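Below is one structure; the comments refer to it alone.
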Amino acid sequence: MSERTEVRFSKAKAFYDTFERKGSGDKVTHYCPGCGHGTIQKLIADCIDELEIQDKTVFLSPVGCSVFSYYYYDTGNIQCSHGRAPAVATGVRRTLPEAVIISYQGDGDLAGIGMTEIVHAANRGENITVIFVNNAIYGMTGGQMAPTTPMGQKTPTSPFGREVLRDGRPMGMAELIASLSAPVYVERCSVATAKDVLKARKVILKSLQNQVDKLGFSFIEILSPCPTNWGMDPVESRVWMQEQLAVLFPLGVYKDVTTHLVAVDPGKFHSPMDDDKLRELLRGASEVPVQRSSPLPHTQLIKVAGFGGQGVLSAGELLATCGMSEGIQVSWLPSYGPEMRGGSANVSVILSEDDIGSPLVDHPNVFIAMNGPSLDAFEDAVAPGGLILVNSAIVTRKVSRTDVRVVYIPATELARQEGLLSAANVVMVTAYLYITKAFSIETLRRCIPLVLRKKAYLNQNLALVEKVLDHCVRTAGSAGSDESDGSAGSENG
Amino acid sequence: MGKRLMKGNEAAVHGALMGGCTHFFGYPITPASEIAQAAAFYFTSAGRVFMQAESEVSVINMLYGAASAGARVMTASSGPGIALMGEGLSYLAGARLPSVVIDMQRAGPGLGNIWPEQSDYNMVIKGGGHGNYSNLVLAPSSAQEMFDFTRKAFTLADQYRMTVFILSDAYIGQMMEPVEISGPVLHGTRKDWAVYGDAASRPNLISSIYMNPPLQRKHNELLQDLYRQLEREQVDYQDIQTEDADLVFIAYGISARICLSTVHALREKGVKVGLMRPKTLFPFPKERIRELAEQGKTLAVVELSSGMMADDVELHVRGRTTVLRYLTMGGETPTVQELIANVERDLMVRSGGLSNV
Ligand SMILES: Cc1ncc(C[n+]2csc(CCOP(=O)(O)OP(=O)(O)O)c2C)c(N)n1
Ligand code: SF4
């Protein structure tokens, strides 16, 4: 057969002279006589030579009959797991902007197990060349049905023929890939006849040239004979390809936008910062300066709880930042997950002179209740002798425990008076510090700017601190005297 | 640099950048998504590669590709995602490719929930995929260690040409603590085995195939030698008040933190307890466990699983001492009070002469 003479006698440089990885001095491939893989792989080697890209080429072998492609290609070689070569190619592409990457895959590999990887690599428009060898069955494992197997075809796993209700219809991959917007070149060809082979060579060459020109994703489907598993001789199988396969999978160009494209710039992903800039980036804005005011009276096991949106987590962050800035040990652990959405949020903060073990606060000695449901949830957990701070602008009930200290602060109201809708958290933290003297108020003033997300509100927040202090001083005299009106600073217990 | 208050998840990304990681491939899953999100910001800002893949299967294969091309690569996920990576992890091991994978463990089986468990232990310590292979597994228990361990993981991965796991949990990732971003910025160097798409690396092949059984056997034996070498060179653990302890907790990650509080509380009551915290789970500090057993100390394994690490502890104890199991599953954690009660109960029973604890 003329097409085989054509490729057989011209030894491509991109092929090794002898296939040492296969066996010492070996010169024949492992493919069966009449197999399409051998023909296609020689065409690819030939094109690599013609484009002079042998050094730059990284050839990806799939799992399938072509798994040993690295026996033959004198190029960089990577053997990939079943179906994942396009993901591997993506990893290589993002690392080596100049390499020419060939993902060579069978139809079980690409259209079966690897469907996800090929579609997404195509959709990202990876600048790679995919050679998709469609022999309508799983060759290596013994000719089982593939997604491309024709209707009615008998295989070891469809012994009574492929049946639509059970197996669905054969998939046209060229059609599917061409339906995406990113691929630049999609063509289906064949190696059934000498003419087909010559055409396939042109198509492969173009697909590689596209990549060299950095145009994007090229997908070449090649109908290929598997005489062994089709139970035909090489001549019969070529007839069957023309009469059956090429009817099911029509040859031709499915997409070609390469003429009006410019090269994509891979440099975008490859401009690492120098070390000094990186350190600057990582230093960020929130490095905390350490300055000690007074020793902590005892380990503070703090729980803050409220609605999502009340700044519960940032109250915790502010407390932890104050602790850091005092040079003591701190930990901050949020509640998280679905319960955070619209529902309640809580955070555990520990401030300690010693190393912190568990960051979980099961029995807080300070509990800041921003709303009613959180008071209900955690009131009983507070350690005897602990402190409960209640946002009395929202919580209507009184604390029922009598073995704890309770302070009521109309936090939401005080914040609103200062024009801040979501600063009840700052009020509570200020009151906590005023009451416990855990750190100086100066520490708080220093740390607010480090934690505040909306910097434009800094001055208002600082003014709010003064307002809360003022409020605490004014109401301190009445502490314990009037619990019923829920006014700020009033205590019981 | 001074300290910054940050989550373990964010600290890991800082560690990765300082450790010379150039490629992060990710797929969202709670409680590991924050790592991918931080990587998306910091890697991109630093001119390195962040990419969201279409699945964890693709993620691990992108790691395989980028590592084949000589890059320092990583991902982060949680139980279901790590399980999907099993085959890819096995390929990485077979092809001797360096990579770093963070597992922020959540509760299983199945979709389970997003609160912490330590039930990926067997999957990660014993490999995760098919074949005779292991991963180097580091177990951080603070935000600082999330930084430190991730930073050094890339050097270890390159040095031993293997996957280094950071086996952590939902709490260690979510928790904010002061973190010092210290040490020089590390960088990978050219690898003589990698495929760079150039003349010098043209002869190189990345593959896990040895079609000839004697060669496959040899390859397996070399891997086992490598793991024995790790046992000589990389075992790491922390001892806290074990010297005079009657009972020693063995725990890692968040469990170790809870144990530390329990040690403090029990010591205040005069009960002699200590903590041995493995920082490497593979290689496992088996010598240290043997020593503790030979000293006749009662060992109490505290873990958020059905007893996966406890099984390994018992393997090395070989019946020489009592191994207690304080196990919690489902996303719950034991309270310090519960552990105290357990210890008081079990030490009491022991001194009361009942042999069968
Ligand atoms: C995960 C996984 N599943 C299954 C296999 C077994 N397997 C090896 S080759 C193959 C089919 C390959 O068929 P195809 O992609 O059509 O290539 P061909 O052999 O026909 O060239 C299968 C299923 C495997 N190696 N890995
Ligand atoms: S089984 Fe089929 S595809 Fe595989 S080498 Fe033989 S002819 Fe080719």
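Since this is a predicted model, take the numbers as computed values, not measurements. Lettering of chains follows the sequences in order, A, B, ..., and the numbering in each one begins at 1.
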Query raised in the report: Between A/Thr90, A/Asp74, A/Thr57, A/Ile53, which residue shows the highest count of heavy-atom pairs closer than 4.5 Å to chain B?
Result: A/Asp74
Query - Minimum heavy-atom distance between B/Ile29 and B/Ser78, given as atom pair plus value - result: CG2-N, 3.6 Å
Report summary line: Scored by heavy-atom pairs under 4.5 Å with chain B, the best of A/Cys80, A/Ala99, A/Ala320, A/Gly357 is A/Gly357
Query raised in the report: Do you know which two heavy atoms are closest between B/Asn113 and B/Gly331, and how far apart they sit?
Result: OD1-CA, 4.1 Å
Query raised in the report: What part of A/Tyr73 is in contact with chain B, defined as an atom under 4.5 angstrom from a non-hydrogen atom: side chain, backbone, both or neither?
Result: neither
Query raised in the report: Which bit of A/Asp362 is near chain B, if near means a heavy-atom gap under 4.5 Å: side chain, backbone, both or neither?
Result: side chain
Report summary line: Ranking B/Leu260, B/Val336, B/Ile209 by heavy-atom pairs under 4.5 Å to chain A gives rank one to B/Ile209
Query raised in the report: Which atom pair, heavy atoms only, marks the closest approach of B/Thr75 to B/Phe25?
Result: OG1-O, 2.6 Å
**Report entry** Options A/Lys277, A/Glu117, A/His82, ranked by heavy-atom pairs under 4.5 Å with chain B, top entry
**Finding:** A/Glu117
**Report entry** salt_bridge(B/Arg257, B/Glu177) N-O dist < 4.0 Å
**Finding:** yes
Report task. Would you check if the side chain of B/Asn61 reaches a backbone N or O of A/Pro86 as a donor-acceptor pair within less than 3.5 Å? Result -> no
Query raised in the report: What are the two closest heavy atoms between A/Gln329 and A/Glu353, and how far apart are they?
Result: CG-O, 4.3 Å
Requested in this report: Identify which of B/Ala199, B/Ala67, B/Ser68 forms the greatest number of heavy-atom pairs closer than 4.5 Å to chain A.
Outcome: B/Ala199
Query raised in the report: Would you find more than 12 non-hydrogen atoms of other residues, nucleotides or ligands less than 6.0 Å from B/Arg190 atom CZ?
Result: yes
Requested in this report: Could you tell me which of A/Leu281, A/Leu60, A/Val88 has the largest number of non-hydrogen atom pairs under 4.5 Å with chain B?
Outcome: A/Val88
Report task. Name the member of B/Met175, B/Met62, B/Met176 that forms the most heavy-atom pairs with chain A at distances under 4.5 Å. Result -> B/Met176
**Report entry** Interchain contact, A/Leu360 with chain B, by part (heavy-atom threshold 4.5 Å)
**Finding:** side chain
Query - Side chain, backbone, both or neither of B/Tyr42 within contact of chain A (heavy atoms, under 4.5 Å) - result: both
Query raised in the report: Are any of the side-chain nitrogens in B/Arg4 or B/Glu180 under 4.0 Å away from the carboxylate oxygens of its partner?
Result: no
Requested in this report: Examine whether an atom of A/Val63 lies under 4.5 Å from a heavy atom of chain B, and if so say whether it belongs to the side chain, the backbone or both; otherwise answer neither.
Outcome: side chain
Report summary line: Minimal heavy-atom distance between B/Ser182 and B/Arg151, with the atoms involved, is O-NE, 3.7 Å
Requested in this report: Would you mind checking which part of B/Leu63 comes under 4.5 Å of any heavy atom in chain A, side chain (CB onward), backbone (N, CA, C, O), both or neither?
Outcome: neither
Report summary line: When the 4.5 angstrom heavy-atom criterion is applied to B/Thr44 and chain A, the contacting part is neither
Query raised in the report: What option among A/Val290, A/Asp275, A/Val67, A/Val92 has the most heavy-atom pairs under 4.5 Å with chain B?
Result: A/Asp275
**Report entry** Contact origin within B/His264 toward chain A - heavy atom pairs under 4.5 Å
**Finding:** side chain
Query raised in the report: Which of parallel (below 30°), tilted (30 to 60°) and perpendicular (above 60°) describes A/Phe68 and A/Tyr70?
Result: perpendicular
Query raised in the report: When only pairs under 4.5 Å are counted, which of A/Thr75, A/Val119, A/Val58 shares the most heavy-atom pairs with chain B?
Result: A/Thr75
Query raised in the report: What are the two closest heavy atoms between B/Leu84 and B/Glu56, and how far apart are they?
Result: CD1-OE1, 3.6 Å
Requested in this report: Give the ring-plane orientation class for A/Phe19 versus A/Tyr72, where under 30° counts as parallel, over 60° as perpendicular and anything between as tilted.
Outcome: perpendicular
**Report entry** Region of B/Met51 that comes under 4.5 Å of a non-hydrogen atom in chain A
**Finding:** side chain
**Report entry** Per-residue contact mode, B/Tyr91 against chain A (heavy atom under 4.5 angstrom)
**Finding:** side chain
Requested in this report: Among B/Asp198, B/Ile60, B/Val59, single out the residue with the greatest number of heavy-atom pairs under 4.5 Å to chain A.
Outcome: B/Asp198
